[in-house]
Amino acid sequence: MKKEFTVAILGATGLVGQRMIKQLEQSTIPVKRVKFLASKRSAGKKLKFRDQEVEVEETKPESFSGVDIVLSSAGGAVSKKFLPEAVKRGSVCIDNTSAFRMDPDVPLVVPEVNGEEIKNHHGIIANPNCSTIQMVMALKPMMDKFGLKRVIVSTYQAASGAGHAALEELFKEAKDYMAGKNIRDEAEVLPTAGDKKHYPLAFNLLPQIDVFEDDGYSHEEWKMIHETKKILLNDMNAADIKVTATCVRVPVEIAHGESVYFELADKNTTVSDLENVLKDFPGVQVQNDFRKQEYPQPLNAVGSNDTFVGRIRPDLETPGAFNMWVVADNLLKGAAGNTVQIAEKLVANDWL
């Protein structure tokens with residue numbers, strides 16, 4: 001008899017949580033029962049799973065009794081509080097926050113890139129940052145074939161990456177701006193709720209995502225640097241690949257864009273070589289015909305679990321160096337989709 005699983009979604013009412021529900025509905029995981037967990041203020045709400053209405057429960061340690069798999073996206077503090085409790089009760093947790101990503105005992109996984117790491121879990125598997133996921137999806141096949149020496153990335157990150165409140169703030173600012181109002185003092189959420197000052201995103205760009213570290217890098221930039229190294233080299237401080245990042249919030253609803261400059265060890269590599277290895281890599285779509293103005297765009301990526309790569313072109317002054325443009329739905333491949341993919345691989349390989 002085929003084994004069925006009880007799956008809990010922690011943070012079920014959030015932007016990512018709602019997409020986790022949809023991804024789980026479409027997944028290959030045989031689901032016996034789902035539990036939707038959230039904060040006390042969301043308890044009692046009803047959400048649908050397939051054709052069934054499921055009541056949201058307040059999250060408590062005992063909520064995880066009898067749960068096989070936890071899909072979590074309720075914030076780092078919530079993950080740190082409750083996921084160890086879930087593990088104690090026999091659950092395997094896939095966490096979409098930064099709470100455990102840099103823990104050396106916790107696998108940081110993009111299934112197409114380093115899926116074998118899943119089997120090394122001790123009850124918790126970390127889902128990487130959304131901007132890191134789409135970049136390593138594009139870099140991994142090229143690294144394996146041609147060797148990777150350096151990465152310089154500038155991100156153009158959608159407002160939805162900062163949650164419901166940030167999206168609502170953007171929409172209100174845009175409406176007020178078009179009505180001729182001064183929106184400079186309206187912001188209460190962005191660039192990050194955890195910092196002292198807030199600035200409007202509508203008709204603006206914010207070169208700050210998360211708080212700043214002492215060295216002047218934002219924490220988002222720090223995450224991209226060290227997560228990339230951990231995923232590709234299994235060492236967050238590895239020196240074999242040099243990585244630096246600038247992360248910018250842009251007034252787009254869903255789907256991040258990234259301009260990625262990278263240097264390869266094989267200096268004879270051509271654009272055609274890169275297109276071929278990317279086309280063969282699962283989960284990547286190449287849109288790279290500048291003569292037809294074909295290149296990835298956020299509007300076209302929404303709703304897809306793929307990563308789109310285009311504008312691939314050589315640095316004309318540095319052999320072996322290239323630029324590319326990478327786009328993905330930050331709520332799907334960057335979050336809910338990748339999380340459920342990990343769960344599918346966990347189940348398919350009996351790594352629970």
Side-chain angles (χ1 to χ4, degrees), residues 14-16 73-79 96-99 101-102 108 126-136 151-177 181-231 236 242-261 298 301 323 325-331 333-335:
L15 270 180
V16 173
S73 190
V78 174
S79 290
N96 191 52
T97 77
S98 61
R101 287 175 186 157
M102 293 297 104
L108 183 66
N127 196 70
N129 188 38
C130 47
S131 48
T132 305
I133 289 173
Q134 66 189 69
M135 184 170 77
V136 298
V151 180
I152 302 171
V153 57
S154 296
T155 71
Y156 303 72
Q157 294 182 225
S160 55
H164 267 307
L167 265 185
E168 290 170 2
E169 182 169 273
L170 171 61
F171 294 152
K172 182 179 185 301
E173 288 168 353
K175 184 178 178 182
D176 288 349
Y177 184 93
K181 296 180 182 177
N182 183 348
I183 62 171
R184 284 182 174 81
D185 298 323
E186 284 191 13
E188 297 177 352
V189 178
L190 292 170
T192 178
D195 218 337
K196 297 176 284 296
K197 292 182 180 179
H198 300 99
Y199 304 111
L201 181 60
F203 301 94
N204 200 15
L205 299 172
L206 299 175
Q208 178 189 358
I209 299 177
D210 213 325
V211 296
F212 286 110
E213 306 290 342
D214 291 339
D215 57 10
Y217 280 76
S218 71
H219 192 56
E220 184 84 356
E221 292 158 353
W222 185 95
K223 285 186 283 189
M224 286 203 76
I225 292 166
H226 294 286
E227 288 182 21
T228 298
K229 291 172 182 254
K230 183 174 179 179
I231 295 164
M236 66 174 280
K242 307 296 184 186
V243 184
T244 192
T246 300
C247 295
V248 182
R249 188 74 72 191
V250 299
V252 168
E253 181 181 6
I254 298 171
H256 296 342
E258 296 174 348
S259 174
V260 185
Y261 177 89
N323 293 280
W325 174 245
V326 183
V327 174
D329 185 322
N330 57 295
L331 301 178
K333 185 54 186 171

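Since this is a predicted model, take the numbers as computed values, not measurements.
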How many angstroms lie between [atom1] in [X] and [atom2] in [Y], if you round to the nearest 0.5 Å?
X      : Y      : atom1 : atom2 : answer
Ile209 : Glu221 : CD1   : CD    : 8.0 Å
Asp210 : Tyr217 : CG    : OH    : 16.0 Å
Thr228 : Met135 : OG1   : CE    : 3.5 Å
Arg249 : Gln157 : CZ    : CD    : 5.5 Å
Lys181 : Asp176 : NZ    : CG    : 4.5 Å
Leu108 : Met102 : CG    : CE    : 5.0 Å

Taking the side chain as everything from C-beta on, heavy atoms only, tell me whether [X] gets closer than 4.5 Å to [Y].
X      : Y      : answer
Met224 : Ser131 : yes
Asp329 : Pro298 : no
Tyr156 : Val248 : no

So which heavy atom on [X] is nearest to which on [Y], and how close?
X      : Y      : value
Asn127 : Gly334 : ND2-O, 3.9 Å
Leu170 : Ala159 : CD2-CB, 3.8 Å
Ala301 : Val327 : CB-CG1, 3.7 Å
Ala165 : Val189 : CB-CG2, 4.0 Å
Cys247 : Thr155 : CA-OG1, 3.0 Å
Ala99  : Gly76  : CB-O, 3.7 Å

Is it the case that Asn129 and Glu220 place a side-chain donor and acceptor less than 3.5 Å from each other?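 Short answer, yes.
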Scan side-chain atoms only and decide if Glu173 and Asn204 contain a donor-acceptor pair under the 3.5 Å cut-off.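 No.
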Have a look at Thr132 and tell me which of Glu227, Arg101, Lys230 forms a side chain to side chain donor-acceptor pair (under 3.5 Å) with it. Glu227
Before you tell me yes or no, could you show the steps for Leu15 and Leu167 under side chain to side chain contact (heavy atoms under 4.5 Å, CB included), namely the whole-Å CA-CA distance, both residues' side-chain angles and the distance that decides it to 0.1 Å? CA-CA 10 Å; Leu15 270 180; Leu167 265 185; 4.1 Å; yes
Please assess Glu169 against Leu201 for the test side chain to side chain contact (heavy atoms under 4.5 Å, CB included), listing each intermediate value before the final yes or no. CA-CA 8 Å; Glu169 182 169 273; Leu201 181 60; over 6 Å; no
Would you sort out whether Asn330 and Ile254 count as a side chain to side chain contact (heavy atoms under 4.5 Å, CB included), showing the intermediate values? CA-CA 7 Å; Asn330 57 295; Ile254 298 171; 3.7 Å; yes
Determine yes or no for a side-chain-to-main-chain donor-acceptor pair under 3.5 angstrom, with [X] supplying the side chain and [Y] the backbone.
X      : Y      : result
Gln134 : Val326 : yes
Ser160 : Glu253 : yes
Ser218 : Val211 : no
Glu186 : Pro200 : no

If the plane angle is over 60° it's perpendicular, under 30° parallel, otherwise tilted; pick one for Trp222 and His226. tilted
For Tyr177 and Phe203, take the angle between the two ring planes, folded into 0 to 90°, and tell me which bin it lands in: parallel under 30, tilted 30 to 60, perpendicular over 60. parallel
With side chain to side chain contact (heavy atoms under 4.5 Å, CB included) as the criterion, how do Glu213 and His219 come out once you've worked through the C-alpha distance, each side chain's angles and the decisive distance to 0.1 Å? CA-CA 6 Å; Glu213 306 290 342; His219 192 56; 2.5 Å; yes
